[in-house]
Amino acid sequence: MAKLTVHHLQVGQGERIPFLLEELGIPYELKLYQRDPFFSPPELKEKHPIGASPLLEDATSDSEHPILLAESGAIVDYIINKYGDSRLAIPSSHPNYADYLYWLHFSNGNLQPTLFRRFQARMLVSDQQDPRYQGADERVQRALKHMNERLASNEYLAGSEFTAADIMSVWCLTTMRKFEPIDLTGYTAILAWLKRVTKRPGYQTAMKKSDPELDLEAGISVQGPPPFAPKK
Ligand SMILES: N[C@@H](CCC(=O)N[C@@H](CS)C(=O)NCC(=O)O)C(=O)O
């Protein structure tokens, strides 16, 4: 049996990995860290040169020298291919393979950096009419419109099946809104998809274990969850 430990900085994208493991029915240990006050605490920083979450430790083959993997996208691929019998992925022979790959990479490659760019613009300028904010916001709206159009004609991002592409993307429009607020008024297909995906037992169980204090209903609401409040 796989011996996996997930290191998760609470209120963050590390939630993707417990979600995936619950969906696949693969047991894991979970090590939780609190933000200090916004970034990783020293005990997480010292585990990996980048010091960010999530981290996966795999002690299945060598308990003294476990494999340590960062980057949520890489971790998702690793788990699916090594322990998940390729479930929640779409094979290259499937007509939706290109859609799967595109949407699997969309969250970390496009949506998330786009949201962070607007967050930075918001910190930089005092007036939201400033063209730097406006430009960043226009990119956010374009990304949301693109996603909404996709979900208006497909139940899930890769097509009719729930896949890892959904697991990678959900946090950007739930928990991440605690850092960069997004009003989802008018994005009805995204809101319906959020409901569909987050009611899955895998999501509910993972979130209870990884972030029991988060209000999941607020996370999928039109206005989004309340802003992040540091504990330390
Ligand atoms: N591209 C990385 C990003 C990892 C990342 O920046 N994680 C955030 C949590 S949302 C973090 O650890 N922030 C704390 C820090 O950088 O100190 C991934 O997908 O895993």
Side-chain angles (χ1 to χ4, degrees), residues 2 4-33 53-56 71-80 83-90 99-100 103-108 111-112 115 144 147-148 150-151 154-182 184 187-226 228:
L4 305 178
T5 305
V6 179
H7 298 266
H8 167 54
L9 179 66
Q10 289 187 300
V11 198
Q13 61 197 287
E15 65 178 49
R16 291 163 165 159
I17 311 305
F19 184 13
L20 175 73
L21 288 164
E22 293 293 339
E23 287 287 341
L24 292 172
I26 298 172
Y28 59 99
E29 244 182 72
L30 189 58
K31 215 164 168 310
L32 301 178
Y33 302 81
S53 153
L55 287 177
L56 180 75
E71 285 299 329
S72 47
I75 296 171
V76 163
D77 265 348
Y78 179 87
I79 292 172
I80 287 179
Y83 299 114
D85 303 316
S86 299
R87 283 174 295 146
L88 298 182
I90 284 189
D99 290 319
Y100 169 69
W103 289 104
L104 178 70
H105 292 278
F106 182 76
S107 57
N108 266 11
L111 181 59
Q112 204 166 304
L115 292 172
L144 293 175
M147 207 169 169
N148 197 62
R150 173 73 185 164
L151 290 167
N154 294 276
E155 210 173 337
Y156 297 104
L157 287 168
S160 58
E161 283 173 50
F162 171 78
T163 67
D166 302 293
I167 293 179
M168 283 295 290
S169 303
V170 154
W171 110 276
C172 295
L173 297 173
T174 53
T175 315
M176 192 178 166
R177 290 200 283 165
K178 291 181 83 62
F179 300 94
E180 179 57 8
I182 306 168
L184 288 175
Y187 293 113
T188 50
I190 291 181
L191 287 164
W193 166 79
L194 281 175
K195 244 190 196 163
R196 212 156 39 240
V197 173
T198 61
K199 77 168 191 241
R200 295 177 73 88
Y203 180 81
Q204 292 288 329
T205 307
M207 294 306 285
K208 264 190 204 99
K209 290 182 185 174
S210 56
D211 284 277
E213 291 176 18
L214 286 186
D215 177 347
L216 303 186
E217 282 303 314
I220 61 169
S221 64
V222 176
Q223 296 302 327
F228 173 72

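Because the structure is predicted, anything quoted here is derived from the model rather than measured.
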Checklist entry - Would you call the rings of Tyr83 and Tyr78 parallel, tilted or perpendicular, where under 30° means parallel and over 60° means perpendicular? => result perpendicular
Looking at [X] and [Y], what are the two nearest heavy atoms and their distance?
{"X": "Leu30", "Y": "Pro18", "answer": "CD1-CG, 3.9 Å"}
{"X": "Val197", "Y": "Phe162", "answer": "CG1-CE1, 3.8 Å"}
{"X": "Phe228", "Y": "Val11", "answer": "CD1-CG1, 3.9 Å"}
{"X": "Ile90", "Y": "Ala158", "answer": "CD1-CB, 3.9 Å"}

If we count only N and O atoms by modelled type, under 3.5 Å, do the side chains of [X] and [Y] hold a donor and an acceptor together?
{"X": "Gln13", "Y": "Gln112", "answer": "yes"}
{"X": "Asp166", "Y": "Trp193", "answer": "yes"}
{"X": "Tyr33", "Y": "His8", "answer": "no"}
{"X": "Gln10", "Y": "Ser210", "answer": "no"}

Item to check | side chain to side chain contact (heavy atoms under 4.5 Å, CB included) between Arg16 and Val170, intermediate numbers included | outcome: CA-CA 8 Å; Arg16 291 163 165 159; Val170 154; over 6 Å; no
Checklist entry - Does a side-chain N-to-carboxylate-O contact under 4.0 Å join Arg200 and Glu22? => result no
With distance as the sole test, does [X] use its side chain to make a donor-acceptor pair with the main-chain N or O of [Y] at under 3.5 Å?
{"X": "Asn148", "Y": "Ala189", "answer": "yes"}
{"X": "Thr175", "Y": "Trp171", "answer": "no"}
{"X": "Asp215", "Y": "Ala218", "answer": "yes"}
{"X": "Arg177", "Y": "Gly219", "answer": "yes"}
{"X": "Glu161", "Y": "Tyr156", "answer": "no"}
{"X": "Arg87", "Y": "Ile80", "answer": "no"}

At what distance, to the nearest 0.5 angstrom, does [atom1] of [X] lie from [atom2] of [Y]?
{"X": "Cys172", "Y": "Asn108", "atom1": "SG", "atom2": "CG", "result": "7.0 Å"}
{"X": "Ser72", "Y": "Glu15", "atom1": "OG", "atom2": "CD", "result": "10.5 Å"}
{"X": "Ser169", "Y": "Leu157", "atom1": "OG", "atom2": "CG", "result": "5.0 Å"}
{"X": "Leu32", "Y": "Leu9", "atom1": "CG", "atom2": "CG", "result": "9.5 Å"}
{"X": "Asn154", "Y": "Asp99", "atom1": "CG", "atom2": "CG", "result": "7.0 Å"}
{"X": "Met168", "Y": "Ile75", "atom1": "CE", "atom2": "CD1", "result": "9.5 Å"}

Is any side-chain heavy atom of [Y] closer than 4.5 Å to one of [X]?
{"X": "Pro225", "Y": "Leu214", "value": "no"}
{"X": "Lys209", "Y": "Tyr28", "value": "yes"}
{"X": "Leu20", "Y": "Ile26", "value": "no"}

Checklist entry - Just wondering, more than 12 heavy atoms not from Glu29 lying within 6.0 Å of its CD? => result no
Checklist entry - Run the side chain to side chain contact (heavy atoms under 4.5 Å, CB included) check on Leu55 and Ile17 step by step: do they pass? => result CA-CA 9 Å; Leu55 287 177; Ile17 311 305; over 6 Å; no
Item to check | Criterion side chain to side chain contact (heavy atoms under 4.5 Å, CB included) on Ile79 and Leu56, from CA distance to verdict | outcome: CA-CA 9 Å; Ile79 292 172; Leu56 180 75; 3.9 Å; yes
Checklist entry - Please walk me through it: do Glu23 and Tyr203 pass side-chain hydrogen bond (donor to acceptor under 3.5 Å, both in side chains)? => result CA-CA 8 Å; Glu23 287 287 341; Tyr203 180 81; over 6 Å; no
Next on the checklist: Using the rule given for side chain to side chain contact (heavy atoms under 4.5 Å, CB included), can you reason through Met207 versus Thr198, listing the C-alpha separation, both sets of side-chain angles and the distance that settles it, and then say yes or no?
Outcome noted: CA-CA 10 Å; Met207 294 306 285; Thr198 61; over 6 Å; no
